[in-house]
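Below is one structure, written out as structure tokens, with a few remarks after it.
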Amino acid sequence: MKKGVLLFAHNSREIDYARMSIISGSLAKHYLGLPVSLVTDASTISWMQTSDCYDKAIDVFDKIIEADTVEYSNYRRLHDGPMPSLVPFINFDRSMAYDYTPYEQTLLIDTDFLIFSNRLNEFWDSSDTVLISSAMQDICDKSRAGYQDRYVSDTGVHLYWATTVMFTKNEYSKIFFDLVKHIKENYNIYSDLYSFFNVTQYRNDIAFSIAKHILDGFSTDTSSTLPPIVTTIDKDILHEVKKDLLVFLITPKNDSSYVLASSKGVDIHVMNKQSIIRNYDKLMESL
Amino acid sequence: MKFGYLIIVSVSEEFDYPKMAYALALSIKNTQKEGYDSVALVINDKSKLDKLKSLWVFDHIIETELPPHWDGRSFMDQLTPFEATVCLDADMLFFEDHSHWVEYFLENSDLYIANRAYTYRGEMITDDYYRRTFTANELPNLYSFYSFFKKDSKTVSEFFTLVRYITTYPTEFSNLFLSKFKPSVLGTDEVLALAAKILGIENDISYELDFPKIVHAKPMVQNWPWPADRLTDHAGFNFNKSGKLKLGNYQQNNIVHYVEKDKITDEVISILEDIAWKN
């Protein structure tokens, strides 16, 4: 099979990534017109079966690939609107995308990345075999992105966003993913080399960014990248869905005040995962 | 047309400019293709070169009395032995062949002054921390560290005549044209920019190009989230045996204006000499 979309979903106690993957996968399949496969684990499959969404998953996904169960030790503080909580998440096996994908050309996306256009189809013929998004673009006119959203560290390398990664299987992309695995396995050493200090939380964005930096000759090359990712942060709330129109409550000052904002026909990274799940029915009905 | 790089240094007690010029000349010899690797040194005391092992890297050594500090560079058009010249600051190093930049200027320009500088990460510098005078007085954003000119050009002659005039009367020109953020000392960058503005030729001699690409290692314009005294306090200066430089995690392929004069150690010189001798 030539082209397809790949998602990873491993449920945690707090977040139903399986359900998110069904939404994200359905949207990708509909708007890109491509098959979508899911990499997951036995316990997440079991949850899908008990929560009555497995039939939908079988319908949406071209292949459901059962990976080894990965123990999670990654925690991060995530908001659901104004409400913060410390949530565990499993993101260690994204570096295995090269090994798991059933496609010659793969678009790897996060389950909180919702596709509402066919824009990413424009990049399949790129001469570059690994493309990553160059940056995040805040839905707010005035970006709430911090320094750590643009660089791996204060003095470190450019931060690419592994929310969307497109790759063609070949020798170069194999080296790329092998390098990402190497960085992941030696994350402490790379934190010294690249001056980032939060080693308790493994970030794919960082591992992918360093791998790209190294393979670009220890330089930043933003000319061969996927478009910036339009993003709503986790303090924002997905309030309403009307087909490809999403209405958000956003907090421009990153505090407790909210205003309305919307996106239409735009691929969008919705970091408030719970609000995606709350809108499961509307998002699925929109297709 | 005979082309070459020109380095103008005044002997100083504070910094070893002849040593820096020597490192720059070595790096040019090591990286630029034949025909684009000639170097001329202008110095006010030739005896300071005696300690250097390979003076052959200077195709011309011109000893002359120079005005103090950087004012000597206002005579670059008269001092150069070449028909076409790029005048460089002494505290710079080359790492790759940039002859194609020169080929472009030889074909298309009589006079071109760089108008961009880059961070060690390769981002174009937009911060005007060191250039408030430029912003406040609407000067063209010229950097004298890479100045291309042809000797037989009327524009060049007129331009440098005015440059020398401004250099001779800095207070008068500052009072008249640089009333906001008036600099305590009028540097070459300001003088060249002011001359270009007065003559109204800034768009002719410094139009937008993707080159020359020169990394400017001044610390406050590196897009860091905090102030810094020296770039290398935070991003390592790693010069390897192949004569390649990494600043922090970034391989430097463009010309680097390293600013910190103590970076040219005997070890750096030794590496550059080894490469030059093997070539």
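We name chains A, B, ... by the order of the sequence lines, and we start the count at 1 in each one. What's counted below: heavy atoms across the whole structure, side chains too, no hydrogens, waters or symmetry copies. The structure displayed is predicted, hence computed values, not measured ones.
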Inspect the surroundings of NZ in B/Lys33 and state if more than 12 heavy atoms from other residues, nucleotides or ligands are less than 6.0 Å away. yes

Quick check on B/Glu267: does its CD atom have over 12 non-hydrogen neighbours (other residues, nucleotides or ligands) under 6.0 Å away? no

Quick one: closest heavy-atom pair of A/Thr220 and B/Tyr250, and the distance? OG1-OH, 2.7 Å

Check: A/Leu193 main-chain N/O paired with B/Asn249 side-chain donor or acceptor under 3.5 Å: yes

Can you tell me if B/Asp229 has over 12 outside heavy atoms packed within less than 6.0 Å of its CG? no

Please classify the contact of B/Glu123 with chain A as side chain, backbone, both or neither, using a heavy-atom distance under 4.5 Å. side chain

Just so I understand: if I count every heavy-atom pair under 4.5 Å between each of B/His234, B/Gln222, B/Gln252, B/Gln251 and chain A, which residue has the most? B/Gln251

B/Tyr129, OH: over 12 other non-hydrogen atoms inside 6.0 angstrom: no

Looking only at heavy atoms, what is the nearest atom pair of A/Thr155 and B/Trp226, with distance? CG2-CH2, 3.5 Å

For A/Tyr147, is it the side chain, the backbone, both, or neither that has a heavy atom closer than 4.5 Å to a heavy atom of chain B? side chain

Residues in residues 156-164 of chain A near chain B [non-hydrogen atoms, under 4.5 Å]: A/Gly156, A/Val157, A/His158

